[in-house]
Amino acid sequence: MAPYISVIIFIAALVGLFRNPIPSAYSAQLKGFHQEECDALLQFKIGLNDSYASLTSWVNGTDCCTWNGIYCNNQTNHVLEILMDGAAMVTGGIISDSLCSLRYLTRLVIQTGLRGTLPPCFGFLSHLYELDLSENELTGAIPPTLCFMTNLTYLHFRFNKLNGSIPSCVGNLSSLTLMDLSHNKLSGSLPFSLGNLLSLQNLKLEDNDLSGKIPYSVGNLSLLERFEVSYNHLSGSIPSSFAHLSSLVYLIADHNAFNETISSSAIPSSVFGLYLSLHQQTISESFFQNLTKLTYLYLSDCKLNLSTTWIPSFQLSELHLISCQIDGQIPPWISTQYSLTGLELVDNNLVGEIPSWLWEPSSHLLFVTLSNNHLQRLLFPDTISLMPVSYMDFSGNALSGDMPLVWPSDLEVLLLNNNLLKGTIPSSLGNLNQLMQLNLANNNFSGTIPQSLGKLYQLQLLNLANNNLNGVIPSSLANCSDLQVLNLGNNNLEAMMLQNFGKLNYLHSLIVPSNKLKGSFPLSVTSCTSLQILDIGSNFFQGPIPHTIANLSMLRVLVLKENNFTGNIPSEIGKLKNLQILHLSSNHISGSIPETIASIEAMTVVPQEGYVLTVDGWYVYGSEYQDGLNMTSKGVALYYPYILSTLTSIDLSNNELEGEVPSDFGKLKGLRFLNLSKNSIGGFIPYSLAEIRQLEALDLSTNVFSGKLPGELDSLSFLSSFNVSNNNLSGSVPQGGKLNTFSRQSFAGNPNLWGCPLPQNCSWPEFRSPPPTIPTYNSIKKKKIPWFEIAVGLSYGAGLGITLSFIVIKRQFHKFDAVLKYLFPFFRNYKL
Ligand SMILES: *[C@@H]1O[C@H](CO)[C@@H](O)[C@H](O)[C@H]1NC(C)=O
Ligand SMILES: *[C@@H]1O[C@H](CO)[C@@H](O)[C@H](O)[C@H]1NC(C)=O
Ligand SMILES: *[C@@H]1O[C@H](CO)[C@@H](O)[C@H](O)[C@H]1NC(C)=O
Ligand SMILES: *[C@@H]1O[C@H](CO)[C@@H](O)[C@H](O)[C@H]1NC(C)=O
Ligand SMILES: *[C@@H]1O[C@H](CO)[C@@H](O)[C@H](O)[C@H]1NC(C)=O
Ligand SMILES: *[C@@H]1O[C@H](CO)[C@@H](O)[C@H](O)[C@H]1NC(C)=O
Ligand SMILES: *[C@@H]1O[C@H](CO)[C@@H](O)[C@H](O)[C@H]1NC(C)=O
Ligand SMILES: *[C@@H]1O[C@H](CO)[C@@H](O)[C@H](O)[C@H]1NC(C)=O
Ligand SMILES: *[C@@H]1O[C@H](CO)[C@@H](O)[C@H](O)[C@H]1NC(C)=O
Ligand SMILES: *[C@@H]1O[C@H](CO)[C@@H](O)[C@H](O)[C@H]1NC(C)=O
Ligand SMILES: *[C@@H]1O[C@H](CO)[C@@H](O)[C@H](O)[C@H]1NC(C)=O
Ligand SMILES: *[C@@H]1O[C@H](CO)[C@@H](O)[C@H](O)[C@H]1NC(C)=O
């Protein structure tokens, strides 16, 4: 079938080409340019978003050879190149098949967020040697007609949303030296015909959904230098034919589903960078016998069996051993690697002391990650301050005792969270003036937060949560003008010296719950207009919630629960259009629920996958900060934080609210959790609640609701928690539907309510169970990942001086959920 389709496409494309007014070429020649080519570009321009006005030169009647981003042949005036990155940058638009009339085109480079599918007629641009449509939003499959481009040398489609499989005819692209299809959604297996691409030097397919085995034929690509297929689902093994790839320098195949033994004889000795995830395979010294050129080594999920006296025949620059069941001390053979700049030994069983040989003055280490082991002691020589290390991650160990006073003076990231460290936080940390992240959460630190931390002008993340810190939150922190995340939750802090906090223009997250903070609402915080998470719950704050809360227009999470706040819920709350989580429970808030609550925009839309609420990054809590999506783009490492777009919740329980629920509350169609229990809210239960189709938990218990229980609520098919007990409802519980699936305790304490599951007037025999429950929204939809990356990230990592190969894409979603459940116990019972 497929060949016929491509023939039809082929003919259609040819007809399209020859329909162009070729006779007019002569007259155009007199004008010096080719009108039909200029017309094709103008046609393309119509679909482009030129919000930076970089295409103002593209005017009909003028010579398109002079247009921004267009390059022509000097003699023939035919358009040869379209280069739309950099100066000729547009912000999105639609790809157009009008470009197919530019028959002399040799280079087509457009990296601008273009949408649409790849026009099949591109395959007939027979002079094209470079096709670069990276970093667009192209969807659909790669059309097989592209295989006609026999002059194509460079093919870049990285960072798009292409799906379908790699066409099996790809082997016809016989001039190809570089093929980069990475970071798409391509599936299926690698075509056998790849083995025909005898000029291929770079093959990049990482981060797709490719499966099946790597074809044996790839071993014929004798010029291949880079083979990159990490983050796919490839099975089998590295084929033995790879031994013939005598030019291979990088073999990057980690995070696949290889389930057969990978033989070291398949790995050519030319390999310089080797990245593999090994399905618990045992790796012994002989594996490395011939790999003398190895410089970058990444192994995960292996069983490393190396003798302590081993002296490897390679000299590594980076060593990453993740989940390789390494026991005992940090292996001494690592000390023979005197050029090491990066050392990552994560998720192993390392114990004991972090050895002093790591900190020899001659060391070149820049990046040390020893997280998730059982290391007990950290001792530095005095010379440590002279070391060039910029990144240290010792989190998730059993480090005890006091924290060392002296650290490498160039340190940019210091992660010591989840250890057993005690004593005070040394004020000498204030001298680490390059520090961008400091995470000491989940230790036993006591004493006060040193004022000196205010000298860390570059600090972006400060996480001291879950310690025994007391005293005040120092005002000096307001001097850390780059601060984005401040998490001091679960300590014994008593006051907040926040006068100048309004200066923190980048603060995304202020998280200080479960302390002894007192006084009125910290007003200066309402000037931190970037704030997305404000959690001051479980403290002793009092007085009213200020109207200026509305100034925090980016706010997504507002947690004021368990304080002594009084007064009304300010009606300005409705202006917080990004608000997803509003938790005001257990205060003394009175008055009625403001009508405006129904206009919180983020809750009025049904959250969908891919739906992004704001375009700004959301820095996730504390230690999870680094778990976003790190990726490299144009040589720059970017951090793409995830955004939780599907979680929505209102909890106003345990207050002194009265009046009625606003009748148009049902406009909050995206709400998933609603708790109004333990108030004095009365009137009828608005039947508009039934319009909130996503609702999973509805707790209206212990109020003074009266009237009937609206039968409409039966249509809430995702409801898994429901409570209207202790009210003054009357009439019958709606029978035979969703509401009947809840227990008697959900309805108890309404003297005038009757019908099953209440005992009054229930005709079900005792032994019969209530009607079966309908699967919840969770179990149907939430199997998918509820976190979404957003397309706009903050530049991160680039300044860390870390070599790019350290930046590996992580997709750790579960941890986020765990953290969220930890911070909001309310969600613990739900699968997010
Ligand atoms: C450009 O102008 C010519 C003559 O005025 C006209 O025929 C042609 O359709 C125009 N092209 C576009 C793309 O508007
Ligand atoms: C055009 O780009 C600007 C800037 O990125 C954006 O705000 C606008 O929404 C875009 N318009 C369309 C129609 O895509
Ligand atoms: C690929 O090449 C083969 C033989 O060289 C030819 O039969 C086939 O039609 C070509 N396919 C495409 C899509 O170019
Ligand atoms: C690989 O090359 C060998 C000869 O070197 C040849 O016999 C074989 O057919 C080639 N395989 C492919 C898939 O091109
Ligand atoms: C490896 O995985 C593939 C795909 O899941 C499967 O078809 C194959 O049987 C597995 N092979 C072995 C040896 O387990
Ligand atoms: C190393 O290379 C030698 C000679 O080419 C070969 O005999 C030996 O099997 C290789 N060892 C491994 C583990 O591949
Ligand atoms: C903040 O920095 C200024 C100088 O930029 C300094 O004068 C002031 O004392 C600092 N404040 C604190 C509390 O450290
Ligand atoms: C809040 O915004 C209003 C104007 O919208 C402004 O007058 C006021 O100063 C702001 N308050 C704070 C605390 O930033
Ligand atoms: C609603 O809030 C009350 C009081 O804060 C709490 O006891 C109850 O468990 C909450 N309901 C649900 C469904 O979480
Ligand atoms: C409960 O509702 C009934 C009407 O159903 C009403 O007569 C009674 O006064 C209500 N009781 C309270 C305490 O509100
Ligand atoms: C409903 O709420 C009441 C108190 O507000 C509580 O005692 C009861 O256990 C709750 N029922 C269910 C099923 O959660
Ligand atoms: C339900 O029972 C009450 C007494 O508990 C009785 O007054 C009422 O008529 C009954 N209603 C029905 C429909 O059986």
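In each ligand, atom 1 is the first atom listed, and ligand 1 is the first ligand listed. Start at 1 with the first residue, then count along the sequence.
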Suppose I only count heavy atoms of [X] and a 4.0 Å limit; which atoms of ligand 11 are within that range?
X: T702; result: 4 (C), 5 (O)
X: S746; result: 13 (C)
X: S701; result: 2 (O), 5 (O)

Ligand-residue contact atoms, ligand 1 with L42, heavy atoms, under 4.0 Å: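 Numbered from 1, ligand 1 contributes 13 (C).
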
Quick one: does any side-chain atom of N761 pair with a main-chain N or O of G755 as donor and acceptor, under 3.5 Å?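 The answer is no, because no donor-acceptor pair under 3.5 Å joins these two groups.
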
Working note: C64 + C72, criterion disulfide (SG to SG under 2.5 Å); need CA distance, chi angles, decisive distance, verdict. CA-CA 9 Å; C64 47; C72 295; 5.5 Å; no

Heavy-atom protein neighbour under 4.0 angstrom from atom 12 (C) of ligand 1: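 Given the 4.0 Å cut-off, atom 12 (C) of ligand 1 counts as touching protein heavy atoms.
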
Look up atom 5 (O) of ligand 1 and tell me if a protein heavy atom lies less than 4.0 Å from it?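 It does not; no protein heavy atom is within 4.0 Å.
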
Polar contact flag for N728 and ligand 10 (N/O pairs, less than 3.5 Å):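 There is such a contact, yes.
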
Does the plane of the ring in [X] sit parallel, tilted or perpendicular to the ring in [Y]? Use 30° and 60° as the thresholds.
X: W67; Y: W58; value: parallel
X: F742; Y: F722; value: tilted
X: H34; Y: H78; value: parallel

At what distance is the nearest protein heavy atom to atom 3 (C) of ligand 11, and which residue and atom is it?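 Protein heavy atom at minimum distance: S725 OG, 3.4 Å.
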
Please list the nearest protein heavy atom to atom 8 (C) of ligand 1 with its residue and the distance rounded to 0.1 Å.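 Going atom by atom, the protein heavy atom closest to atom 8 (C) of ligand 1 ends up being N60 ND2, 3.7 Å.
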
I'd like to know whether ligand 11 has S677 as a neighbour, heavy-atom separation below 4.0 Å.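 False for this residue.
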
Any N or O of D39 closer than 3.5 Å to N or O of ligand 1: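 Among all N and O atoms of D39, at least one is under 3.5 Å from an N or O of ligand 1.
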
Nitrogen or oxygen of Q43 less than 3.5 angstrom from that of ligand 1: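 N/O-N/O distance below 3.5 Å does not exist for this pair.
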
Pick, from N727, N654, N723, the option with the minimum heavy-atom distance to atom 10 (C) of ligand 11.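 Nearest heavy atom to atom 10 (C) of ligand 11 lies in N723.
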
Does the side chain of N728 come under 3.5 Å of the side chain of S706 through a donor N or O and an acceptor N or O?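 Result is no, nothing qualifies.
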
Using distance alone, with no hydrogens and no angle criterion, decide if R672 and Q694 have a side-chain donor and acceptor under 3.5 Å apart.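 Looking only at side-chain atoms, Q694 and R672 do not form any donor-acceptor pair under 3.5 Å.
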
Taking atom NZ as the centre, does K45 end up with more than 12 heavy-atom neighbours from other residues, nucleotides or ligands that are less than 6.0 angstrom away?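 Counting neighbours around NZ of K45, more than 12 heavy atoms of other residues, nucleotides or ligands fall under 6.0 Å, so yes.
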
Can you tell whether the side chains of R115 and E137 come within less than 4.0 Å, N to carboxylate O?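 So R115 does not pair with E137 through a salt bridge.
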
